[in-house]
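Whatever order the structure lists ligands and atoms in, that order sets their numbers, starting from 1. Reckoned from all heavy atoms, side chains included, excluding hydrogens, waters and symmetry mates.
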Amino acid sequence: MRSLRTGLSLASLVTGLALLLAAPAAHAADTPLRDLAAAKGKVIGTAVTGSKLTGAYGDIAGAQFSSLTPGNAMKWGTVEPAQGTFDWTEADQIVAFAQAHNQQVRGHTLVWHNQNPSWLTNGSWTPAQLSGLLQNHISTEVGRYKGKIASWDVVNEPFNEDGTYRPTLWYDGLGADYIANALTWAHAADPAAKLYINDYNVEGVNAKSTALYNLVKSLKARGVPIDGVGLQAHLILGQVPSTLQQNIQRFADLGVDVAITELDIRMALPADSAKLAQQKADFTSVVAACVAVTRCVNVTVWGFTDSDSWVPGTFPGYGAATPYDENYAPKPAYYGISGALGGTTPTPPPPAGACQAAYSVTSQWNTGFTGQVTISCSGASLSSWKANWTFGAGQQITQAWNATCTQSGTVVSCANASYNGSVPDGGSVTFGFNGSWSGSNPVPVVTLG
Ligand code: XIL
């Protein structure tokens, strides 16, 4: 018997998955979302934070998604904090990561009323000056990334809820034609990039989405370069609009592409298994609506992990809005997305009133791998735990963290550390390990003892 602890290294990612107490047959490793999406002719994306693109976060972002949107890195306030002083560090980093992982980039965003630099918002400008500043901003940023950005969210959130134009720096100073001009300038700077108008609460058929529809129609009639509309889709649990697919279809019928650009589905905290199941159903219906319409080209989640989501900070009391939990374990929502994209891996239904252990391979390279086990309880709780399994193909644990693991022959037993024995009802604990493998690395059945 050997006792092993701590340490971590990661390489490219191959997911494996999940298993239970009740010991159903082992699943094959999940097909990455980007491969499932590609088979449907779709792109699947995530918003990212540049500084986090290492370790498990980078592995998942690179392996599962075929498009990245900088969550903040390309906003005006980030790239030009002082007039004439540019900081492209994070934007460049995200673009480089995307290129290294054969991913598209959605540029976000060029013209918005939020997250502008204070020199701009506090300045007093004539219309001609304001127009010049906007043109210069668009030409500089789009030009810098010419050929590297598949699609730009050129104009963000131009409408009020009733479908009138939002009074902003841009609308108040330049009138509604700031939108047409922004599109025209972006097109001049990168003729190959697809240009979008992006907004929230335009997912279903309503006054706001109809205003967007009428705007796109008139822009097209005028010959203004507009390629698509972005439906942000910051949704609330159980409230996917019933007219989502119909709305996507009406934009497609206008002759523009549609992207779901910022999908998250928030719930009142704490999460529990019923809410997570509803969230899975909601993610399924959003992705399925996009899959059903040929011109719906991209579904992007606004952060893939609950540890990198704007929701808790913006909507107090709400969270758990993304497809992976804070420890990077896929949630039922992940399987909602993969299922809607044609993936076949089922979510093991959580047994009523029990605790279960889910095993996954988070990274795998030529001779080694990183794995994790998440123990979660619903209708039950634990004050200490032991997770046990038998490796089927000669794998050997080399290090573990957040648990004390022993391996004897093929049999592994991992006991809680002093600080994480307690798993409350509705809560979970994750521990991780590195191991060696050769030939194959099948996912074992984990039992709790
Ligand atoms: C959010 C970011 O996720 C946060 O980190 C930031 O503090 C505020 O902006 N609609 C948009 C996104 O178009 O740019 C916003 O992103 C979320 C709402």
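- Counting only distance, with no hydrogens or angles, the side chain of Asp153 and the backbone of Asn156 share no donor-acceptor pair below 3.5 Å.
- Close N/O approach between Asn72 and ligand 1 is found [any backbone or side-chain N/O within under 3.5 Å].
- At least one N or O atom of Glu157 sits closer than 3.5 Å to an N or O atom of ligand 1.
- Of the possible donor and acceptor atoms, one in the side chain of Trp125 sits under 3.5 Å from a partner among the backbone N and O of Leu120.
- Numbered from 1 in the order shown, with element, the atoms of ligand 1 that lie under 4.0 Å from a heavy atom of Asn156 read 11 (C), 13 (O).
- Cation-pi geometry between Arg250 and Tyr213 is met: under 6.0 angstrom from the ring centre, within 45 degrees of the axis.
- Residue, atom and distance of the protein heavy atom nearest to atom 13 (O) of ligand 1 are Glu262 OE2, 2.8 Å.
- Nearest protein heavy-atom neighbour of atom 15 (C) of ligand 1: Lys75 NZ, 3.8 Å.
- At least one heavy atom of Trp112 sits less than 4.0 Å from an atom of ligand 1.
- Asn434 and Thr370 share a donor-acceptor pair across their side chains, judged by distance under 3.5 Å alone.
- In this structure, Lys217 fails the cation-pi test against Phe251, since its NZ or CZ atom is not both closer than 6.0 Å to the six-membered ring centre and inside 45 degrees of the ring normal.
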Please assess Ser381 against Asp425 for the test side-chain hydrogen bond (donor to acceptor under 3.5 Å, both in side chains), listing each intermediate value before the final yes or no.
-> CA-CA 5 Å; Ser381 63; Asp425 183 3; over 6 Å; no
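- For the 3.5 Å distance criterion, the side chains of Glu157 and Gln232 qualify, holding a donor opposite an acceptor.
- Contact annotation: for Asn114 versus ligand 1, there are no heavy atoms closer than 4.0 Å.
- Residue, atom and distance of the protein heavy atom nearest to atom 8 (C) of ligand 1 are Gln115 OE1, 3.4 Å.
- Residue, atom and distance of the protein heavy atom nearest to atom 3 (O) of ligand 1 are Trp302 NE1, 2.9 Å.
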